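Reviewing the structure listed below.
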Protein chains: 2
Amino acid sequence: MRRTKSESEETRQHIVDAAETVFLDMGVSRASLERIAQEAGLTRGAIYWHFSNKQQLFNAMTDRVRSLHSALLEAQIDETSTDPLGFIEERAFEIVRLFEENEHTRKVYQIIVTRCEYVGEMQEALVWQRSLHDTMAAVFERAFELAESRGELSNGWDARSASTTFLCFISGMLNDWLRYDFNSEFAKSVRCSLRCLLNCFGASSR
Amino acid sequence: MRRTKSESEETRQHIVDAAETVFLDMGVSRASLERIAQEAGLTRGAIYWHFSNKQQLFNAMTDRVRSLHSALLEAQIDETSTDPLGFIEERAFEIVRLFEENEHTRKVYQIIVTRCEYVGEMQEALVWQRSLHDTMAAVFERAFELAESRGELSNGWDARSASTTFLCFISGMLNDWLRYDFNSEFAKSVRCSLRCLLNCFGASSR
DNA sequence: CCCTTTACATACATTGCTGTTTGTATATAT
DNA sequence: ATATATACAAACAGCAATGTATGTAAAGGG
């Protein structure tokens, strides 16, 4: 029954797909490799061939979507940018769109938020989540600082307060979205709030 | 060795305390009742006497802190209030203070955010979390609507956008705080941002 | 064409936790 | 003073999942 190399890669992806489904359904701890194998139409033997254990399978699953998210944050702001607040708005909308359109991203992040316990080996996941958060924070802080130096921040705001506020907003939005499984109506509402908030950051310049 | 009634209640509390510690340390799934009993200086027999299983123990743990949080939200805004934005600020600061000062609250919510998998019986916990969230949302929406009807909202903002923004901010703040175990420095930073945000909601009236 | 390796399936042994049952000493009621 | 219920400890039975070891059919290299 042995498969060719590309077929093997396919089954590997099938296993990761099955893991997404089962982790979401049963939580990472309760999910047995038996159940995941069954979901993928295989046996545990196949899983242990491709992954050394459940943890490594989990890591493979997160790796697959992490690259999508990281790509969004590679776009550092140009020092000569004329519209830092516009840059911020664009990045934020890209994030919302990613979660709206990419089901893998939604599923995996829902697992991360509501189907995981960050202890033992699993704490590594918290580490990269935090580093991702910090990267995002750095990108936005940089943009807010540029906005401040250009005098584009409304009085009442400084770069630090604005970026902290903004990051909490983004965090909370995604958290509420995934934790309470809000519908697409929520995305609309969020876009509206996002525009109001950014407008308010820079309103006094008009 | 049988204890008196009040002593029994004490051991019950000790068990819940031990559960907090062990759940935080090992996650709810991996935490064995054996380990919790050991942490409390007892045996599993004692736990099974006071609670029917791990789930009920978890519920007892959350019940103990839930009342604290609910109490904060009972203070509905007075229809005749002259300063709805001030009311909102006060409630928000009370929440921050609660998490800063009450260690049980911090521990339990950290468990809720990073040491739980919401599947099976555990989904009940998500239900009351959502209802708590909705209650909080209602309280703040009400206040924002009052502010709007009084013309106290800065132009650019409406009650819906403002309350959505505000709720996401609160959610994100608590989530980041507990997920990444931010220090008390973070609380300061948050207070500052909170003031800026509320100031910006009502800034145009000056 | 043969040998080795790959990509799995199947079978086995171990373990850790759970729920229950039984035991027991002491409050508490009568 | 005796009986009963309480508040636990200790012992027991059972399962479910894990990791490993073995089996096996086909792919790929020489």
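Each chain gets a letter, A, B and so on, in the order the sequences are listed, and its residues count up from 1. In this text, all values refer to a predicted model and were calculated from it rather than measured experimentally.
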### Message
Between B/Lys54 and B/Gly45, which residue's closest nucleotide on DNA chain C lies nearer the 5′ terminus?
### Response
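Its nearest nucleotide being more 5', the pick is B/Lys54.
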
Using atom [atom1] of [X] as one end and atom [atom2] of [N] as the other, report the distance to the nearest whole Å.
X: A/Gln38; N: C/dT10; atom1: CD; atom2: P; answer: 13 Å
X: B/Arg30; N: D/dA17; atom1: CZ; atom2: C1'; answer: 14 Å
X: A/Asn53; N: D/dG19; atom1: CG; atom2: P; answer: 6 Å
X: A/Gln13; N: C/dC8; atom1: CD; atom2: C1'; answer: 17 Å
X: B/Met26; N: C/dG16; atom1: CE; atom2: C1'; answer: 11 Å
X: A/Glu34; N: C/dC8; atom1: CD; atom2: P; answer: 16 Å
X: B/Glu7; N: C/dA25; atom1: CD; atom2: C1'; answer: 14 Å
X: A/Phe51; N: D/dG19; atom1: CZ; atom2: P; answer: 14 Å

#### Entry: Sugar-phosphate only, base, or nothing, as touched by A/Ala37 at under 4.0 Å among non-hydrogen atoms
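The answer is nothing, as A/Ala37 stays clear of every strand by at least 4.0 Å.
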
Phosphate OP1/OP2 of [N]: any [X] side-chain N/O under 4.0 Å:
X: A/Ser8; N: C/dC8; result: yes
X: B/Trp49; N: D/dC8; result: no
X: B/His50; N: D/dA7; result: no

Of the listed nucleotides [options], the one nearest the side chain of [X]:
X: B/Ser32; options: C/dT18, C/dA27, D/dA7; answer: C/dT18
X: A/Tyr48; options: C/dG19, D/dT20, C/dC8; answer: D/dT20
X: A/Thr4; options: D/dT6, D/dG28, C/dT10; answer: D/dG28
X: B/Leu33; options: C/dA7, C/dG19, D/dT18; answer: C/dG19

### Derivation and outcome, side-chain hydrogen bond (donor to acceptor under 3.5 Å, both in side chains), residues A/Gln76 and A/Arg142
CA-CA 9 Å; A/Gln76 272 285 355; A/Arg142 187 102 199 73; 5.2 Å; no

### Query
Looking only at side chains, do A/Gln13 and A/Glu9 share a donor and an acceptor under 3.5 Å apart?
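The criterion, which ignores hydrogens and geometry beyond distance, is satisfied for A/Glu9 and A/Gln13.
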
### Message
Using only atom types and a distance under 3.5 Å, with no angle test, would you say the side chain of B/Asn53 pairs donor to acceptor with the backbone of B/Gln56?
### Response
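Yes, B/Asn53 side chain to B/Gln56 backbone: donor-acceptor pair under 3.5 Å.
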
### Task
Please confirm whether the backbone N or O of B/Cys168 pairs with a side-chain atom of B/Ser171, one donor and one acceptor, at under 3.5 Å?
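Not at all, since once roles are kept as given, no pair shorter than 3.5 Å links the two residues.
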
### 5'-most by nearest nucleotide on DNA chain D - B/Glu9 or B/Arg44
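Result: B/Glu9.
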
### Message
Exactly one of B/Phe201, B/Phe166, B/Phe87 should register a ring pair (Phe, Tyr, Trp, His ring centres under 6.0 Å) with B/Phe140. Which one does?
### Response
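So the option named by the test is B/Phe166.
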
